[in-house]
*Asks:* 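Structure incoming, see below.
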Amino acid sequence: MVPWRVTFRPGVSLCEQVVYSAKKAVISGQMRPGDSFPSVRSLSKELKINPNTAHKVIAQLVNEGLLEVRPGIGTVVAELPRSRASERISLVGNEIEQLVVEAKKLGMGLDDVLDAVSDHWERLGGEGGKFLRRRS
Amino acid sequence: MTAIDSLDLQVPEGAICALVGPNGAGKTTTLKVLMNILPATHGRAEILGVQSTHLSPRTFAQIGYFSENQDLPDWMTLKYFLAYLKPFYPNWDDARAEELLHQFDLPSNTKLANLSRGMRAKAALTSSLAYRPRLLVLDEPFSGLDALVRDELTGALLESADGATVLISSHDLSEIESFASHVCYIEHGRLRFSEEMGSLTRRFRAIEITLPHQPSLPVSTPATWLGIETSAGVVRFVETDYERARTHAAVHRLFGDVEVSVNPMSLREIFVTLATAGKKAA
């Protein structure tokens with residue numbers, strides 16, 4: 001089974017989108033070091049992607065050190081150095097950039113954006129939204 | 001009547017090639033000529049390196065064909081049907097057939113006549129995948145099927161596709177977009193283009209220009225721009241040969257220093273753009 005889902009966006013390389021979603025699953029702890037990673041066959045079958053794309057995804061993740069090839073077992077999630085805050089931030093970098101672009105287009109100020117973010121943060125049960133608001 | 005004309009198409013080995021085009025473009029005819037179901041009046045079709053009018057049983061046993069209107073021997077049970085096909089295919093794999101029956105949740109003792117449309121499609125695909133064909137030719141395999149069945153068929157297909165070549169005609173573009181490696185666009189019996197999915201989705205962009213005043217369209221716009229529309233303060237078009245610097249330069253030359261927004265397009269949006277332009281040109 002592939003323990004995460006990808007919602008494909010048009011115009012962006014499919015391989016990159018799957019690699020990105022897999023990294024997210026690893027860094028957010030959805031998959032842990034030593035967990036076996038889906039095979040080419042099941043990646044392709046479950047995410048409905050071309051087997052060649054699935055090959056490329058695994059090769060790239062192995063290349064970047066997120067996966068390890070264990071002979072006789074397959075690929076497993078590699079032991080990672082504790083994920084650094086900077087890595088987590090870079091994972092949501094795309095989304096943050098999009099948000100900033102949209103907000104600027106609409107002529108919103110930074111305060112408005114931070115307010116809207118903290119509203120959503122609280123709505124989803126996160127703490128700290130109030131702190132953000134007080135600061136602004 | 002000429003259904004297809006000057007259609008020069010090559011499908012690389014190992015590709016999953018989507019044959020796309022408006023209804024009546026000649027997709028089914030093309031596939032039927034390839035499979036030697038219809039004779040071509042001119043030209044030739046080759047399949048697995050053999051001219052399709054001279055396919056030997058040995059070559060034929062390496063090809064799977066499945067079309068939306070496929071006739072099945074309704075009086076047979078699925079089990080009987082598979083047993084009947086087996087001797088024709090040297091590569092028949094009982095374990096794979098069994099696996100597919102299980103995966104598709106197919107009742108093997110029910111007569112084919114009594115299967116639902118979705119089950120018939122699954123049964124037909126099982127009968128083609130069980131001999132691990134080197135080439136699969138699928139004509140509208142998903143049409144009229146619900147989303148779950150389409151998902152199941154796609155899954156089984158991709159599982160079998162590693163190493164095989166697949167030629168598939170379909171209108172289910174959002175599904176095909178994630179797994180096809182190549183796209184061939186057919187219109188009025190002619191091949192408009194045949195290219196890799198990545199290069200196709202890279203060169204199409206929906207462009208929107210915001211103008212400070214009511215736009216007046218320039219007399220001539222680049223030939224690569226399709227579907228140009230204007231409304232209050234906005235010009236929209238599809239660039240079919242996008243390259244950042246070139247497209248921006250053309251926009252600035254025609255409209256001055258304006259804001260340009262560039263958006264990627266899905267295969268479905270690309271199809272609608274091309275089909276609309278094709279209809280206008282006809």
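Letters A, B, ... mirror the listed sequences (proteins, then strands); counts begin at 1. Note: hydrogens, waters and symmetry copies are ignored here, and every other heavy atom, side chains too, is used.
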*Asks:* Name the region of B:Arg268, side chain, backbone, both or neither, that has any atom closer than 4.5 Å to a heavy atom of chain A.
*Replies:* neither
*Asks:* Where does A:Ile49 contact chain B at under 4.5 Å (heavy atoms): side chain, backbone, both or neither?
*Replies:* both
*Asks:* Is the side chain of A:Ser118 donor-acceptor paired with the backbone N or O of A:Asp115 at a distance under 3.5 Å, no angle test?
*Replies:* yes
*Asks:* Could you check which of A:Lys48, A:Lys105, A:Arg41, A:Glu46 has the highest count of heavy-atom pairs closer than 4.5 Å to chain B?
*Replies:* A:Lys48
*Asks:* Can you say whether the rings of B:Phe204 and B:Phe193 are parallel (under 30°), tilted (30 to 60°) or perpendicular (over 60°)?
*Replies:* tilted
*Asks:* So do B:Glu152 and B:Gln103 actually touch side chain to side chain, heavy atoms under 4.5 Å?
*Replies:* no
*Asks:* Please identify, among A:Cys15, A:Ala54, A:Ser44, the residue contributing the most non-hydrogen atom pairs under 4.5 Å to chain B.
*Replies:* A:Ser44
*Asks:* Examine whether an atom of B:Asn263 lies under 4.5 Å from a heavy atom of chain A, and if so say whether it belongs to the side chain, the backbone or both; otherwise answer neither.
*Replies:* neither
*Asks:* Evaluate the ring planes of B:Trp92 and B:Tyr89, with Trp represented by its six-membered ring, and classify them as parallel (under 30°), tilted (30 to 60°) or perpendicular (over 60°).
*Replies:* tilted
*Asks:* Is there a donor-acceptor pair closer than 3.5 Å between any side-chain N or O of B:Lys27 and the backbone N or O of B:Gly21?
*Replies:* yes
